[in-house]
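Remarks on the structure that follows.
A note on names: the letters A, B, ... follow the listed sequences, proteins ahead of strands, and every chain is numbered from 1.
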Amino acid sequence: MKGNKNKRALVWVGILALALVFCTTSLCLAGELDVFAGENQVLRISGGTAHIPVMKAAAQKIMTFNPEIQIIIAGGGSGAGIKQVGEGLVDIGNSGRQATDTEVAKYGLKMVKWAIDGVAAVTNPQNPVKSLSSLQLQDIFSGKIVSWKEVGGKDAPINVYTRDAASGTREVFWKKALKEGDITEKANVVVSNGAMKTGVSNDPYSIGYVSVGFIDDGVSALTLDGVTPSMASVKSGEYTVARGLFSNTKGEAKGLAKKFIDYLLGPDGQALALEKGFIPVN
Amino acid sequence: MDVKAFLSKSMFLGACLLSTGITLGILGFMLVLAYPLFARGLFWEMLIQPWSPGQGLFGVGPMITGTLCIASLAVVISIPISLGVACFVGIVHPGGKGRILKSVVEAMTSVPTVIYGFVGVFLLVPLVRTLFSGGSGMCILSAGMMLGLLISPTMILFFVQSFTLVPQNHLDAADALGANTVQKFFYIVLPWAWKSMVTGLILSFGRAMGDTLIALMISGNAAAFPESVLDPARTLTAHIALIIAADFDSIEFKTLFVCGISLYAMTGFGVVLARGLGQRGRA
Amino acid sequence: MEPKIKITGLDFYYNGRPVLENICMEVVENTITAVTGPSGQGKSTLLMTLNRLWESIEGARVKGDIQIRFGQKFQNIYDPGFRVSELRKKVGMVFQMPNPLPMSIYKNIVFPLKLTGDHKQKDAAFRVETALKRSFLWEEVKDRLNEDARSLSGGQQQRLCIARALILNPEVLLLDEPTSSLDDTSGRMIEALLLEVKKTCTLLLVSHYLDQVKRIADKGMHLSRGQITQEW
Amino acid sequence: MASPLWDRAFRLFAWGCSLVLMGAFLVIIGFLCIKGYTALTPRLIFGDTGFWDAVLLRRQVFDGLFPAMAGTLCLIMLSIVLAVPLGLSTGIFLAEYASPRVKWFFSLVFDILAGIPSIVVGLFGFCITLFLHQCFFDRLYPCLLISALSLAFLVLPYMIRTTQMALESLPVSVRLTAPSLGATQLQNIVYVLLPAALSTILSGIILSIGRCAEDTAVIMLTGAVATAGIPKSVFSSYEALPFYIYYISSQYADHSELIKGYGACLVLIFICMNLFVLSHFLKKRLSQRLLFRH
């Protein structure tokens with residue numbers, strides 16, 4: 001009987017010790033996440049699809065730290081992000097472009113830029129064409145050049161991929177790379193950076209454009225006027241088709257939204273941005 | 001007791017009116033939201049105009065064309081297959097083999113459309129691209145083939161059901177006269193069942209028109225008038241899914257209601273047509 | 001020998017087509033009155049006018065006067081104030097095909113009590129037993145009251161249906177060819193049962209077996225093309 | 001056409017078409033199985049989180065299908081709860097109370113409702129939400145409730161039609177039994193007609209559940225999102241299996257995510273097939289024996 005009692009005590013001590021270790025380690029690990037303790041709200045985020053990987057990673061960290069918090073992340077594109085946060089449908093609206101003055105005035109938006117990102121024209125890795133001039137790029141997207149042969153590639157038609165109207169990536173690419181030139185109606189339309197990457201990586205004769213953060217083995221980034229888009233060239237300002245990644249709130253950010261944005265701007269968040277292929281601002 | 005009867009009847013009637021209200025409410029809501037377009041006389045123009053926001057043109061003409069092309073192709077692909085399978089089930093092997101096949105076809109109706117889309121993206125699109133080198137593979141043909149596969153089970157079941165409308169004694173008579181299978185089919189089954197079969201066709205066409213995911217995932221979504229089956233195209237349904245994220249006050253967003261109303265009108269017309277046929281068929 | 005039912009000038013139309021024309025007849029209390037005639041001549045319809053069961057049929061219309069005596073007073077059953085459900089409790093009906101409900105034997109018999117809300121009362125089980133005894137079924141089913149009623153044989157099912165009609169102690173029982181779907185032995189049993197029931201009830205029997213009618217009916221009439229052509 | 005050659009050609013045609021269709025079906029299923037069977041592990045559903053932690057909602061599941069499955073489940077339950085009473089009552093009205101002319105009109109309306117593309121229903125749900133949000137409740141967003149309502153509209157015509165057909169196809173002998181014993185119309189419906197039609201109605205409901213489980217177009221417009229965790233209330237956004245599949249198909253980041261997409265396809269097909277088999281089973285009226293003993 002006595003031995004049994006001792007054993008039980010031992011088990012309890014063990015459990016307590018384990019719990020203690022657990023608590024301390026989680027406390028030590030938490031650090032920046034501490035501000036999220038005690039929160040139990042829902043945070044709604046939507047908009048730019050380039051932002052999603054960072055948002056997801058941040059959300060996972062926060063929700064693991066405090067399961068009471070629920071962070072909802074939807075895509076939709078920059079336009080949707082700005083519109084929805086303005087209408088109050090979400091707490092944070094992401095955009096891959098600056099909100100226009102009218103949008104800012106209409107909704108009283110506050111923009112926070114937490115990373116810089118380039119938009120690169122991409123092709124399938126099998127495509128021998130690795131560099132284009134701005135003019136060639138414009139002609140391809142406007143539909144004037146229809147064969148890869150004309151720009152030094154195989155004798156195959158060019159399949160242009162573009163994004164939908166709400167896309168900030170599209171806006172930036174159209175303004176800075178295409179100089180506001182036409183995009184052919186025959187272009188395949190996809191709804192996100194991820195979808196663009198999928199489309200281009202599966203189509204040997206494709207051309208499209210994605211956020212630099214999304215570039216991997218599946219697609220090859222085109223050198224534009226002699227400049228290769230990369231984190232370094234975007235950071236140095238050499239590659240000009242770049243934009244900020246913004247998180248917008250209606251009015252000054254409050255509560256959980258503010259904490260979330262602060263987290264993105266803090267060391268942890270910035271590290272996440274770097275990890276996902278964007279250039280941190282701090 | 002009479003109060004109870006009255007109350008229950010009113011409740012059932014109320015439910016019925018509510019359900020009806022939903023049907024009409026959907027149309028009404030879209031008409032109200034599209035009213036600005038009607039008021040400016042833009043609605044009818046939009047049905048035929050091309051889509052090029054750069055030039056301020058927000059017509060859904062390409063989408064209507066795309067929808068009709070893809071749905072027609074789907075039905076054209078589906079008809080012979082469905083007819084063949086329906087004959088197998090209903091006429092050639094009405095017994096064991098046919099019953100098994102029919103069960104499989106019934107099971108096929110429960111495959112989610114998103115699965116067809118998914119397989120389309122990763123199996124059919126690359127296949128089409130390799131076979132017809134050049135295109136992106138996301139085209140009317142791919143979408144039409146997948147949609148054809150999607151609507152086939154429905155069509156088959158409809159055909160099989162039409163075949164059962166043929167009176168057994170007619171078939172027995174044909175058998176007694178020594179008719180072979182093909183004669184039985186052309187001289188007895190078809191004349192009896194064709195009206196009901198056309199009804200099935202119309203309804204399948206409506207189903208093909210109304211599907212969103214397959215078109216959205218594998219038809220390429222280009223907003224231009226398609227010129228060949230290897231061109232990408234955008235359907236009305238995919239257009240709704242693509243534009244829903246746009247600015248709510250923008251004219252792009254308003255075009256959604258043009259799409260919605262056209263889809264409602266086309267499928268509604270199909271239902272009325274199918275019913276008309278069905279009723280005359282019965283008379 | 002007092003009359004129980006008086007029918008005068010009864011017409012029945014189905015989708016504008018006359019099925020019964022100017023039926024006049026009287027049924028005497030505690031007798032079996034048989035209606036014979038070829039099929040499709042309105043025999044079943046005539047029964048249905050007596051408990052207003054035709055009212056659930058689309059496109060049917062009735063004209064004329066049917067009086068049934070409950071207690072001392074004759075009442076017009078088509079009187080607007082006369083409640084259909086009350087009428088049908090007093091005028092039971094048995095159909096050509098036995099129609100047990102898809103439930104246990106006990107629940108089938110007790111079903112009419114459930115409709116009036118009496119099935120929870122203490123005497124419900126006793127009333128079930130009485131009804132089953134009156135229809136000669138008790139001995140056969142007393143040990144299997146919880147079995148599905150559809151597991152009984154055809155004759156048993158028909159007797160079950162009669163028991164179900166009897167549990168409400170109806171004053172009139174309408175029988176629409178109750179033995180035609182049964183074999184001879186079961187049919188004879190039903191006949192014997194009807195003669196028993198006659199003691200407390202007025203029976204109106206539609207049948208096309210002339211010999212059956214001769215065996216058990218007190219009075220008969222022949223219906224042809226919607227009219228009574230012969231009485232005896 | 002009397003020559004046996006025609007006859008043989010006809011048979012060949014029937015065989016050929018059947019083989020083509022079965023082939024296509026098998027290719028689809030086989031393709032998913034071959035690509036996705038490696039993903040079929042508990043990790044596919046629960047990610048790095050333990051089974052009990054996930055099921056008891058102690059920890060959020062990331063990188064797993066669990067939130068999507070939970071979302072789909074909530075969605076199904078809510079839509080069915082909303083659609084069944086309305087669909088059943090309407091079906092009963094059409095079958096038991098409506099005159100032929102009324103019945104004709106309402107059936108036309110519900111046939112049209114059945115024909116409306118699901119995305120139009122989704123658009124309706126979305127606009128209603130927007131409208132309510134702007135005018136009345138500014139805390140209302142596209143959410144589980146809105147999706148469930150829209151889905152309920154979508155499956156409503158099926159439910160109405162199954163109920164109506166099930167009741168109308170009951171034989172006259174069943175229909176007249178209770179009235180001949182003095183039952184009122186309501187009693188007849190409640191005690192006899194509905195129980196007798198129950199198996200058919202149930203199989204219709206289960207097919208509607210299948211519709212709810214597979215529909216993507218409606219939910220992508222009315223509240224399904226990429227990441228939401230387990231929905232905490234009906235006013236919350238949610239994840240759903242079909243939407244997850246759609247999302248993965250266009251936005252997978254790497255191979256392992258794509259494999260998860262295949263896995264999700266298999267899970268969804270498995271669910272839908274099971275629902276189908278269940279409904280088939282019920283239609284064969286095995287339920288009657290189960291439901292009416294005692």
Side-chain angles (χ1 to χ4, degrees), chain B residues 1 4-5 8-9 11-13 15-16 18-20 22-23 26 29-30 33 80-81 83-85 87-88 92 101 104 107-108 110-115 117-119 121 123 149 152 180-183 185-186 206 209-210 212-213 217 237 240-241 244 248 256 260 263-264 267-268 270-271 275, chain D residues 1-2 6-7 10-11 13-18 20-22 24-25 28 31-32 86 89-90 92-94 97 106 108-113 115-121 123-124 126-127 130 153 156 160 184-186 210 214 216-217 220-221 242 245-246 249 261 265 268-269 272-273 275-276:
Chain B
M1 205 58 182
K4 218 168 163 185
S8 57
K9 188 178 175 180
M11 193 191 82
F12 293 135
L13 177 65
C16 187
L18 186 61
S19 315
T20 313
I22 290 164
T23 317
I26 292 175
F29 207 80
M30 285 191 300
L33 288 173
I81 302 261
L83 204 58
V85 179
C87 289
F88 187 97
V92 180
L101 186 64
V104 177
M108 278 179 79
S110 69
V111 176
T113 54
V114 71
I115 302 278
F118 192 88
V119 174
V121 170
L123 185 69
L149 191 57
S152 288
N180 61 20
T181 326
V182 68
Q183 287 170 322
F185 177 70
F186 280 102
M209 259 195 323
T212 311
L213 265 289
M217 288 163 92
T237 49
I240 295 178
I244 194 86
F248 308 142
L256 292 189
L263 278 171
Y264 194 110
T267 47
V271 167
R275 273 193 139 229
Chain D
M1 266 183 271
W6 273 101
D7 195 46
F10 184 72
R11 280 163 188 278
F13 170 69
W15 267 98
C17 289
S18 309
V20 165
L21 188 78
M22 287 304 103
F25 183 54
I28 286 183
F31 176 74
L32 289 175
L86 194 56
S89 314
T90 309
I92 291 171
F93 177 80
L94 287 186
Y97 290 92
F106 282 119
L108 179 65
V109 168
F110 297 132
D111 277 358
I112 291 178
L113 183 61
I116 296 177
S118 58
I119 193 134
V120 176
V121 178
L123 180 65
F124 175 67
F126 179 77
C127 294
L130 213 59
F153 297 165
L156 191 62
I160 295 172
T184 61
Q185 191 172 17
L186 186 63
E214 69 136 348
T216 324
M220 66 193 270
L221 263 56
I245 293 170
Y246 166 67
S249 79
C265 284
L268 187 61
I269 287 197
C272 288
M273 286 289 166
L275 287 173
F276 171 79

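- At a threshold of 4.5 Å between non-hydrogen side-chain atoms, the residues B/Val111 and D/Phe25 count as touching.
- Using modelled atom types, one side-chain atom of D/Glu214 and one backbone atom of B/Thr113 make a donor-acceptor pair closer than 3.5 Å.
- Note: D/Cys265 leads D/Ser118, D/Pro242, D/Gly16, D/Cys265 in heavy-atom pairs under 4.5 Å with chain B.
- D/Cys127 and B/Phe29 get closest at one heavy-atom pair: CB-CE2, 3.4 Å.
- Note that CE of B/Met30 and CZ of D/Phe124 are 9.0 Å apart. Values are rounded to the nearest 0.5 Å.
- Residue D/Leu221 touches chain B through its side chain alone, counting heavy-atom pairs closer than 4.5 Å.
- Taken from CG in D/Leu32 to CD1 in B/Ile115, the straight-line distance is 6.0 Å, to the nearest 0.5 Å.
- When every heavy atom of B/Ile81 is checked against every heavy atom of D/Cys17, the shortest pair comes out as O-CB, 3.5 Å.
- Heavy-atom distances place both the backbone and the side chain of B/Ser110 under 4.5 Å from chain D.
- Contacts of D/Val20 with chain B are made by side-chain atoms alone, with heavy-atom separations under 4.5 Å and no backbone atom involved.
- Note: D/Phe31 leads D/Phe106, D/Phe126, D/Phe31 in heavy-atom pairs under 4.5 Å with chain B.
- Looking only at heavy-atom pairs under 4.5 Å with chain D, the residue among B/Leu83, B/Val119, B/Thr181, B/Val92 that has the most is B/Thr181.
- D/Thr90 places a side-chain N or O within donor-acceptor distance of the main-chain N or O of B/Ala15, the cut-off being under 3.5 Å.
- Per-residue counts of heavy-atom pairs under 4.5 Å with chain B were compared for D/Leu275, D/Val121, D/Ile160, D/Leu108; the largest is that of D/Leu108.
- Between D/Leu268 and B/Val114, some side-chain heavy-atom pair lies under the 4.5 Å cut-off.
- The candidate from B/Val121, B/Leu33, B/Ile240 with the greatest count of non-hydrogen atom pairs under 4.5 Å with chain D is B/Ile240.
- Of all the heavy atoms in D/Gly261 and B/Phe118, the pair that sits closest is C-CZ, 3.8 Å.
- The structure places CD1 of B/Ile244 at 9.0 Å from CE of D/Met220, a figure rounded to the nearest 0.5 Å.
- Among D/Leu21, D/Leu156, D/Ile269, the residue with the largest count of heavy-atom pairs under 4.5 Å with chain B is D/Leu21.
- Residue B/Lys9 holds its NZ atom at 12.5 Å from CG of D/Leu186, rounded to the nearest 0.5 Å.
- Using a 4.5 Å cut-off between heavy atoms, B/Val271 contacts chain D through its side chain alone, with no backbone atom that close.
- The contact between B/Thr212 and chain D is made entirely by side chain atoms (from C-beta outward), counting heavy-atom distances below 4.5 Å.
- Of the atoms belonging to B/Ile26, heavy atoms from both backbone and side chain fall under 4.5 Å from chain D.
- If you take CZ on D/Phe153 and CD1 on B/Ile22, they are separated by 4.0 Å, rounding to the nearest 0.5 Å.
- Residue D/Ile92 touches chain B through its side chain alone, counting heavy-atom pairs closer than 4.5 Å.
- If you measure heavy-atom distances from B/Leu256 to chain D, the contacts under 4.5 Å come from both the backbone and the side chain.
- Below 30°, between 30° and 60°, or above 60°: for B/Phe12 and D/Tyr97 the angle between ring planes is between 30° and 60°, a tilted geometry.
- Considering every non-hydrogen atom in both B/Met11 and D/Ser89, the closest pair reads CE-OG, 4.4 Å.
- Listed here is the closest heavy atom pair of B/Cys16 and D/Phe110: O-CZ, 3.9 Å.
- Between chain B and the residues D/Gly210, D/Pro117, D/Cys272, the most heavy-atom pairs under 4.5 angstrom are made by D/Pro117.
- Nearest heavy-atom pair across B/Leu149 and D/Ala24 is CD1-CB, 3.8 Å.
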